[in-house]
Amino acid sequence: MKITNATVNIASPGRNFVTLKIETDEGIYGLGDGTLNGRELAVASYLTDHVIPCIIGRDPFQTEDIWQYLYRGAYWRRGPVTMTAIAAVDVALWDIKGKALNTPVYNLLGGKSRDGVMVYAHANGKDVDAALEDVARHKDLGYKAIRVQSGIPGLSSTYGVAKGTGRYEPAERGLPHEYEWSSELYLRHVPNLFERVRAEFGEELHLLHDCHHRLAPIEAGRLGKELEPFHLFWMEDPTPAELQEGFKVIRGHTTTPIAVGEVFNSVWDAHELIRNQWIDYLRMTLVHGGGITHLKKTADFAAMYHVRTGFHGATDLSPVTMAAALHFDTAVHNFGIQEHMPHTDETDAVFPHSYKFRDGMMYPGDAPGLGVDLDEKLAAKYPYQRAYLPVNRKLDGTLTDW
Ligand code: EZ4
Ligand code: CO
């Protein structure tokens, strides 16, 4: 089998997505997600101008050699644009393999290790009462694990909380919007939020929280310690992770489990975190972490250090990534949990898929390959729209981590 053609589709059904379609001489094609939130066109160009010309004529079954060719062969290694482009190719090739062998991708990764994949939902509200209502709503939908974020008294807006009555979507149309931040106000508020959630819902629900890289390590240590009575499933991205040793400080102060890495793109972003057992869950996922080929090796390495997977699954990860993640989660032994932020109806219509949600769990379905498609005619009705993630400023105007 040979790769004969590859095309990049850029569409905005509810939000922007970049999708790679790789075609073969046997009529089988595969899909890969190349969406990098707020930087979509850079990946599209990397694919169209630099990657696609190099893969035409190759054997699509050679996922290992093609991965090495695009990684080592580029000389310039790593980085989110490069690794997202490599991931798009890699995932599309696994899709082709599954279709060619007439089997779901999970069977190529070790087969089913579990019947279903536990997912967590996002609950949020402008204040604690509204957040509690949203937790109740998600519990009624069947979720067994729920991430809780709420507005912070004294701040006009914050990460994870919907602005109006609509759903929360981090990227906003136009140029970057500016948000306010104060770690002091945040640290004062969050323990109260979780005290109220546990008092109302008891111990059974798994509770998660995303600090979204805003704290210094010692502040994160304090928060983790104060959250201990509420038994969180995890505290996510407590501090920016360029300095991997920062997590040693956090670990020294709290038993609240730590998840990190939705912005990672290589095992080298996490190898100190993993081998020193400073984290419990790794969030680096297929689309930004070099695809199935690199994540499988990373997950196997993490397993030796009791680190489990907790894949990023926000709306900027397209249904192609969601499908691929569910196959991976079904097969990999050290699966922990999968994030689930449902896509809009427009997105779901452009990407018909066989995965399903039922009673707090998701299932990849048994279609050959990934079980997801791209309706190119419908996608053409939704042209790309410029959108960015917000930026964050402290109350005195200093730019800080969003
Ligand atoms: O901010 O996906 O845990 N989920 C998250 C997301 C990220 C966005 C960035 O593109 O942190 O909301
Ligand atoms: Co996050």
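Indexing begins at 1, ligand by ligand and atom by atom, following the structure's order. Numbers here simply count residues along the sequence, with the first being 1.
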D210/R283 salt bridge by N-O under 4.0 Å criterion | no
W402 to ligand 1: N or O pair under 3.5 Å?
-> no
If we only count N/O pairs under 3.5 Å, is E339 in contact with ligand 1?
-> yes
Looking only at distance, does H122 have an N or O less than 3.5 Å from an N or O of ligand 1?
-> no
Pull out every atom of ligand 1 sitting under 4.0 Å from any heavy atom of R283, numbered as shown with elements.
-> 3 (O), 4 (N)
Considering only non-hydrogen protein atoms, determine which one is nearest to atom 12 (O) of ligand 1 and report residue, atom name and distance to 0.1 Å.
-> Y159 OH, 2.7 Å
Is a side-chain N or O of R114 found less than 3.5 angstrom from the main chain of H333, in a donor-acceptor match?
-> yes
Nearest heavy atoms of N265 and M83, plus distance in Å = O-CE, 3.3 Å
Side chain of K225, backbone of T254: donor and acceptor closer than 3.5 Å?
-> no
In this structure, are over 12 heavy atoms from other groups packed under 6.0 Å from E203 atom CD?
-> yes
Keeping the roles fixed (side chain from Q338, backbone from M118), state whether a donor-acceptor pair exists under 3.5 Å.
-> no
Residues R275 and E272 bridged, charged N to O under 4.0 Å | yes
Check E262 and report its N/O/S atom nearest to the Co ion (ligand 2), by atom name.
-> OE1
What are the atoms of ligand 1, with element, lying closer than 4.0 Å to any heavy atom of D210?
-> 3 (O), 4 (N), 5 (C), 11 (O)
What residue and atom, counting heavy atoms only, is the protein's closest point to atom 2 (O) of ligand 1, and at what distance?
-> D316 OD1, 2.7 Å
In ligand 1, the atoms that come under 4.0 Å of a heavy atom of N37 are 9 (C), 10 (O)
Considering only heavy atoms of R147, which atoms of ligand 1 have at least one such atom less than 4.0 Å away?
-> 3 (O), 4 (N)
N or O contact, E262 vs ligand 1, cut-off under 3.5 Å = yes
Is it true that E169 and R15 have a side-chain N and a carboxylate O under 4.0 angstrom from each other?
-> yes
Does a salt bridge link R214 with D237, judged by any charged N lying under 4.0 Å from a carboxylate O?
-> no
Where does M341 meet ligand 1, judged by heavy-atom distances below 4.0 Å: at the side chain, the backbone, both, or neither?
-> neither
Can you sort out which atoms of ligand 1 are near H312, meaning under 4.0 Å from one of its heavy atoms?
-> 2 (O), 4 (N), 5 (C), 6 (C), 7 (C), 8 (C)
Give a yes or no on whether D210 keeps an N, O or S atom under 2.8 Å from the Co ion (ligand 2).
-> yes
Would you check if there is a donor-acceptor pair between the side chains of Q385 and S12 at a distance under 3.5 Å?
-> no
Shortest-distance N/O/S atom, E236 versus the Co ion (ligand 2) | OE2
Please could you name the atoms of ligand 1 that H212 approaches to less than 4.0 Å, counting only its heavy atoms?
-> 1 (O), 7 (C), 11 (O)
